[in-house]
Amino acid sequence: MKSIYVLGHRHPDTDSICSAIGYAAFLNRDGADTYIAARCGDLNAESKYALAKFDVEGPALVLSVEPSVADIPFTHPESANAETPTIDVIELMDKNDLRNLPITDPNGNLIGLVSEHGLARAYVSNTKMETLAVSPVSVDTLARILHGTVRVKNHTVLEGAVYISIDALHVILSRITKKDIAIVGDDEPTQLALTSAGIAALIIADSAPVGERLLASAAEKGVTVISTEVDAFGVAKMIHLTLPAESIMTKDVPTVRIADTMEYVKQIVSNSKYRTACVVDENGKLLGTISRNSLMEDVAKSVILVDHNEYSQAVEGIETADIIEIIDHHRLGAMATLRPIRFDMEPVGSTSTIVTRRFMEAGIKPKKEVAGILLSGILSDTLGLKMSTTTRQDEDAVKFLSEIAGVDPIAYANELIAEGMSLSGVSQDELLERDTKEYNLSGKRVIISQVLVPSYVYAKTNEEAIFAALEAKLRQPHAPDIYLALYTSVSEMGSDMFAAADDATMLAMHWERKPMHLPGVVSRKKDFVPHIGRRLDTIF
């Protein structure tokens, strides 16, 4: 079964990270490891702290779920090495119904491709060849190609020119050398004369008899003898099939990598004269071959989304993915699927609470480290159960998890939140990226960042730097229509809102270049987004 990614949103907060880890652990409880906890953004300081405290590996980084080579259900694994005789290459292609066969070096690295087109061209050109010859070929391979029998074996490998005994004997003897091969028929005097000359090998064609005198002479002179039922000119034709794959391959082979997208691969294969691409790793090692047939099936990565249900917040390529489940505690977004899926959206303080309930309802205790991670997600998103979004279900989940994890939830919440509010040496641009979500409100692309601060003093002190960072973001490519930032004081249970937009929007919304104080606004999803959404609706 192929892997299924459990993914949180872009710019993941601690709940997004922890719910992905926790739900993957729940689904893998039978030991299958089919589900992979993943993230599509950087870990924030708070998430890193939680992972380190409970000694849990962070989710895999998945920047896109657009289908790639890795998702193709089948690639052709067949290949041949550079020394493979052409006849074996042809047989391998015929056996597996292949029009192309990759050629590799001894280390498995791709060095070329033998194609039907290349074979035809190689053998058409060989009709004009000057001298018939064999490249280094083993005696046993040559005998196999000729359907022959080795009668005397004085060589392991043969390499040299090949002569057919059709000229006068003295002409052949004047040309042939000790490393060459001669093809003769039923002509014992010529056989003996060639053997006496000490050539490398003698091929007796057309089922001609092989006498004892010849065998004795060959043994004495160090001549290898092969007999075959193929006639002399058939032997000459089949000699061509001893050529190594390296000598007939082409090197202009289109290659792709495992991570390359299907759209890119389709272009490569379609534009290739071979209608094929070879899959290689970063070192050039051959992994398989993709043909047009490999691309006929629709492929998609399977994903489970946690802590979000809007395209604008999801990983790149989500439109091409097979979404099989969504677990969330935010507002209902505009995400659509092609088939019915399980959609668990509850008005609780965190997605980690919903995941914890899965364990509780199944009567399963998560492992200590998983309990600690889920606990971190709940405490982070509810600010230690103090947020207005906190429910009885969050409280029950915290009690259940803290007992398993062996931590005091109040003390740990203070540790965790303090880590999330670590602001020393961090630029406003970085702070704005820590916890960011994008919404479509009244036809406007709206990004809302939330930064936790120790007190209102922080926002007042850094007012100019915050506005400068927001306005810089609006000047970037693909900027939203509106960029809002909430600097939330946990201790004082309120926020200061900073806004950046075009002049018309700023005027219509009565926003100025100074922060708007919002007492009691702590939760982005419950206290702020519904309010700002209604305001935008009345104007746009």
Side-chain angles (χ1 to χ4, degrees), residues 1-12 16-17 19-21 23-28 30 32-41 59-77 254-272 275-281 287-328 330 332-345 351 355 438 440:
M1 185 176 180
K2 69 176 182 178
S3 296
I4 299 170
Y5 293 103
V6 184
L7 263 168
H9 50 75
R10 301 182 194 183
H11 308 291
S16 176
I17 295 295
S19 58
I21 294 172
Y23 197 45
F26 176 78
L27 295 171
N28 287 326
D30 59 357
D33 290 332
T34 299
Y35 300 87
I36 299 174
R39 59 185 171 91
C40 54
L61 180 62
V62 176
L63 296 177
S64 173
V65 291
E66 187 176 351
S68 65
V69 174
D71 300 304
I72 297 175
F74 176 78
T75 57
H76 298 284
T255 60
V256 296
R257 302 287 184 86
I258 283 290
D260 287 338
T261 66
M262 290 298 295
E263 282 304 311
Y264 172 74
V265 173
K266 286 176 181 177
Q267 290 179 11
I268 293 296
V269 172
S270 297
N271 294 332
S272 166
R275 297 295 186 263
T276 291
C278 292
V279 187
V280 297
D281 67 12
L287 302 177
T289 308
I290 298 172
S291 66
R292 284 183 296 180
N293 290 341
S294 307
L295 304 175
M296 290 180 68
E297 292 186 45
D298 288 331
V299 295
K301 282 185 169 67
S302 295
V303 297
I304 294 173
L305 302 181
V306 295
D307 203 35
H308 69 299
N309 71 97
E310 299 190 51
Y311 285 118
S312 61
Q313 298 176 14
V315 63
E316 289 287 344
I318 191 63
E319 298 85 358
T320 66
D322 178 22
I323 303 171
I324 61 176
E325 186 175 359
I326 298 175
I327 302 178
D328 194 17
H330 295 91
L332 183 62
M335 190 168 283
T337 61
L338 293 175
R339 58 185 175 83
I341 65 168
R342 181 170 183 169
F343 196 152
D344 193 346
M345 186 170 69
T351 303
V355 174
E438 182 176 322
N440 190 309

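No experiment lies behind these values; they were computed from the predicted model shown. Side chains included, hydrogens not; waters and symmetry mates left out as well; all remaining heavy atoms used.
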query: Excluding sequence neighbours, so at least two apart, what forms side chain to side chain donor-acceptor pair (under 3.5 Å) with D281?
result: none

- prompt: Picking from I36, D33, D71, T34, what satisfies side chain to side chain contact (heavy atoms under 4.5 Å, CB included) with S3?
  reply: I36

field: L287 vs T75 side-chain heavy atoms within contact, under 4.5 Å
entry: no

query: By ring-ring contact (aromatic ring centres under 6.0 Å, His included), which residues pair with H76, not counting sequence neighbours?
result: F74

query: What pairs with D260 under salt bridge (Lys or Arg N to Asp or Glu O under 4.0 Å), at least two apart in sequence or on another chain?
result: none

field: Check: T351 main-chain N/O paired with D328 side-chain donor or acceptor under 3.5 Å
entry: no

- request: Can you sort out the partners of E316 under salt bridge (Lys or Arg N to Asp or Glu O under 4.0 Å), two or more places apart, ordered by chain and number?
  value: R10

query: Any donor and acceptor pair, going by atom type alone, linking the side chain of R275 with main-chain N or O of S270 inside 3.5 Å?
result: yes

Under the salt bridge (Lys or Arg N to Asp or Glu O under 4.0 Å) test, residues paired with D322 that sit two or more places apart: R339

message: Looking only at side-chain N and O atoms, does K301 offer a donor or acceptor that is under 3.5 Å from a partner on S68?
response: yes

- request: Under the side chain to side chain donor-acceptor pair (under 3.5 Å) rule, collect the residues that match up with E438, sequence neighbours excluded.
  value: R445

message: Does V306 form a side-chain contact (heavy atoms from CB on, under 4.5 Å) with E325? I'd like the steps, not just the answer.
response: CA-CA 9 Å; V306 295; E325 186 175 359; over 6 Å; no

field: Test item: N28 side-chain N/O and Y35 main-chain N/O as donor-acceptor pair under 3.5 Å
entry: yes

